[in-house]
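One structure below.
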Amino acid sequence: MKSKTILVFCPNWVGDVVMATPAFDCLRANYRDARLVAIIRRYVQGVVDDGPWFDQVIGCNDKSFRGFLELIRKVRRLGPDISIVMPNSFRAALSAWLGGSRGIYGYRRNCRSLLLTGGPKPLAGESGFVPIPMVEYYMAICRWLGLDIPVSRRPSLFVSDRMEQKAERLLGRYGIKAGDTVIGMNPGARFGSSKCWPPEHFAALAEQLNDQWDCRILLFVGPGEENIAQSIVKASKAPIINTAPDKVDLALLKPLVKRCRLLITNDTGPRHYAVAFSIPVVVIMGPTDPRYTAANLEKTIVLQRQLACIPCHEKVCRYNHECMTLIDSQAVLEACQTFLQGSA
């Protein structure tokens with residue numbers, strides 16, 4: 001593959017991008033002399049910042065028609081020999097095909113097989129596709145290509161010295177010192193409200209943690225989640241540090257999560273940051289199928305109620321949201337104690 005150009009159409013969700021990093025490692029190791037170019041949605045570009053995988057990273061917004069046409073033009077200018085399409089969407093495969101990629105590889109599903117040169121088929125069961133860990137799902141594309149597969153499937157993320165220093169300055173403004181125990185809380189979810197543990201539960205948990213441990217609690221907030229964070233701060237007597245005013249982006253979030261002793265989060269992107277940095281994480285999971293993330297769980301505790309409606313994968317609950325409300329703060333506290341007491 002010497003002097004070849006390979007495009008990698010990256011996944012569209014934060015967590016999925018992190019879980020794809022072992023596949024990125026595999027591609028880089030097998031195509032050392034090729035020019036690897038990442039095509040990635042702009043809102044998740046910070047996830048791959050400072051990583052060693054790509055020679056070029058191109059941010060895109062192909063959801064709009066104008067952005068879709070712009071992406072096709074960029075692909076044509078690159079003249080790729082191969083495009084590896086990790087998203088399952090028809091749109092992603094079509095942009096590679098219209099962009100003139102000589103070979104297009106990805107999962108053969110969603111009526112797009114005619115656009116592809118080849119690729120694996122998802123494992124099918126009686127009631128549809130069988131969920132497998134996304135780390136293995138993306139690696140299966142590499143396996144289909146006949147690449148040498150690495151033994152390790154652990155996700156990895158990278159932080160530049162400049163970003164580390166930026167994080168240290170921010171932590172200094174919060175009054176957090178080098179020896180302080182930092183506990184992160186991530187109460188939002190870009191996917192939808194169905195994934196969100198109630199703010200009053202986060203507020204109660206913060207009080208319990210503050211009463212039992214000498215810790216500093218950092219509240220991580222994504223765009224549009226400011227009201228959730230404000231509700232938690234108002235409802236809790238604990239001294240919570242709300243990062244919302246500082247508009248922490250996905251690049252800066254990496255060194256902040258890395259600084260934590262523990263992360264408590266909904267089933268959303270930052271949980272995978274913790275896994276990549278080997279930070280203990282307690283995941284409060286509701287409507288999603290845990291089989292998609294059942295990998296690299298050595299320092300992860302997943303709390304999920306066994307209800308008839310799980311998994312529904314609905315963005316907004318149509319019922320009483322019991323999958324999340326029935327998980328109380330005491331249950332999460334006990335999971336946190338497992339890590340904070342050093343018994344895990």
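Using a 4.5 Å heavy-atom threshold, the side chains of S194 and V316 count as separate. Inter-residue side-chain proximity for I232 and P187 is flagged as met; some heavy-atom pair is nearer than 4.5 Å. The shortest distance between side-chain heavy atoms of P287 and K195 falls below 4.5 Å. Side chains of I183 and C260 form no contact here, defined as non-hydrogen atoms less than 4.5 Å apart. By the 4.5 Å heavy-atom criterion applied to side chains, L218 and L171 are counted as neighbours. Contact annotation: the side chain of L78 approaches that of I58 to within less than 4.5 Å [non-hydrogen atoms, C-beta and beyond]. Considering only heavy atoms from C-beta on, N88 comes within 4.5 Å of Y137 through its side chain. Side-chain contact between F220 and V248 is absent, with no heavy atoms from C-beta onward closer than 4.5 Å.
Residues V135 and P22 approach most closely at CG1-CG, 4.1 Å, considering heavy atoms. Between M324 and H201 the shortest heavy-atom distance is O-CD2, 4.4 Å. Residues I82 and I84 share a closest heavy-atom pair of CG2-CG1, 3.9 Å. Nearest approach of F339 to T300, heavy atoms of both residues: CZ-N, 4.1 Å. Nearest approach of V130 to G125, heavy atoms of both residues: CG2-N, 3.6 Å. When all heavy atoms of N30 and C26 are compared, the closest pair comes out as ND2-O, 2.8 Å.
Under the 4.5 Å side-chain heavy-atom criterion for grouping Ile, Leu, Val, Met, Phe, Trp and Tyr, F9 is not connected to Y43 through any hydrophobic cluster. I39 is not connected to L27 by any chain of hydrophobic side-chain contacts under 4.5 Å among Ile, Leu, Val, Met, Phe, Trp and Tyr, and they are in different clusters. Under the 4.5 Å side-chain heavy-atom criterion for Ile, Leu, Val, Met, Phe, Trp and Tyr, L145 and V37 are members of distinct hydrophobic clusters. Put simply, L340 and L205 are part of the same group of oily side chains (I, L, V, M, F, W, Y) that touch within less than 4.5 Å, one to the next. One hydrophobic cluster, built from ILVMFWY side chains closer than 4.5 Å, cannot hold both V283 and I310; they sit in different ones.
The number of heavy-atom neighbours closer than 6.0 Å to CG of D211, taken from other residues, nucleotides and ligands shown, is above 12. At most 12 heavy atoms of other shown residues, nucleotides or ligands fall within 6.0 angstrom of atom NZ in K247.
Separating the OG1 atom in T181 from the CZ atom in R216 is a distance of 11.0 Å, to the nearest 0.5 Å. One finds the CE atom of M285 at 13.5 Å from the CD1 atom of I301 (value rounded to the nearest 0.5 Å). One finds the CZ atom of R108 at 13.5 Å from the CG atom of L115 (value rounded to the nearest 0.5 Å).
In this structure, Q304 contributes its side chain and G286 its backbone to a donor-acceptor pair below 3.5 Å. Checked by atom type and distance alone, the side chain of D249 pairs as donor or acceptor with a backbone atom of A251 at under 3.5 Å. Remark: side-chain polar atoms of R112 are paired, donor with acceptor, to backbone N or O of S89 under 3.5 angstrom. With hydrogens and angles ignored, the 3.5 Å screen pairs no side-chain donor or acceptor of Q56 with any backbone N or O of L36. Between the E207 side chain and the F202 main chain, no donor and acceptor come within less than 3.5 Å of each other.
E164 and K258 are joined by a salt bridge, as a carboxylate oxygen and a charged side-chain nitrogen come within less than 4.0 angstrom of each other. A salt bridge between R162 and D50 is absent, with no side-chain N of the basic residue lying under 4.0 Å from a carboxylate O of the acidic one. E298 and R154 are joined by a salt bridge, as a carboxylate oxygen and a charged side-chain nitrogen come within less than 4.0 angstrom of each other. Using a cut-off of 4.0 Å between Lys/Arg side-chain N and Asp/Glu carboxylate O, R28 and D55 are scored as salt-bridged.
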- Give the C-alpha distance, both sets of side-chain angles, the deciding distance and a yes or no for salt bridge (Lys or Arg N to Asp or Glu O under 4.0 Å) between E70 and R66. CA-CA 6 Å; E70 181 183 352; R66 181 177 179 181; 5.8 Å; no
- Task: Determine, stepwise, if the pair I40 / V57 fulfils side chain to side chain contact (heavy atoms under 4.5 Å, CB included).
- Result: CA-CA 7 Å; I40 190 167; V57 176; 3.8 Å; yes
- Task: Take T325 and R305 through the side chain to side chain contact (heavy atoms under 4.5 Å, CB included) test and state the conclusion after the steps.
- Result: CA-CA 10 Å; T325 59; R305 293 289 181 249; over 6 Å; no
- Task: Could you go through the side chain to side chain donor-acceptor pair (under 3.5 Å) check for Y292 and D16 one step at a time?
- Result: CA-CA 10 Å; Y292 288 111; D16 287 351; over 6 Å; no
- Message: side chain to side chain contact (heavy atoms under 4.5 Å, CB included), that's the test. Do V75 and S101 meet it? Break it down for me.
- Response: CA-CA 8 Å; V75 172; S101 296; 4.1 Å; yes
- Item | side chain to side chain contact (heavy atoms under 4.5 Å, CB included) between L219 and I241, worked out | CA-CA 6 Å; L219 197 61; I241 300 170; over 6 Å; no
- Task: Please test D62 against R42 for salt bridge (Lys or Arg N to Asp or Glu O under 4.0 Å), starting from the C-alpha separation and ending with a verdict.
- Result: CA-CA 10 Å; D62 61 338; R42 290 191 182 98; over 6 Å; no
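Checking N186, T293, N266 one by one against R271, the side chain to side chain donor-acceptor pair (under 3.5 Å) holds for a single residue, T293. Applying the side chain to side chain contact (heavy atoms under 4.5 Å, CB included) test between I264 and each of I284, V281, I217 identifies I284 as the sole match. Across F158, Y31, W53, a single residue satisfies ring-ring contact (aromatic ring centres under 6.0 Å, His included) together with F24, and that is W53. Under the side chain to side chain contact (heavy atoms under 4.5 Å, CB included) rule, V17 has a single partner from V48, L250, L157, N12, which is V48.
Classified by interplanar angle (parallel below 30°, tilted 30° to 60°, perpendicular above 60°), the ring pair W144/Y105 is tilted. Using bins of under 30°, 30° to 60° and over 60° for the plane-to-plane angle, the ring pair F191/W13 lands in the tilted bin.
At a cut-off of 3.5 Å, with distance as the only test, no side-chain donor of D81 or T5 sits close to an acceptor on the other residue.
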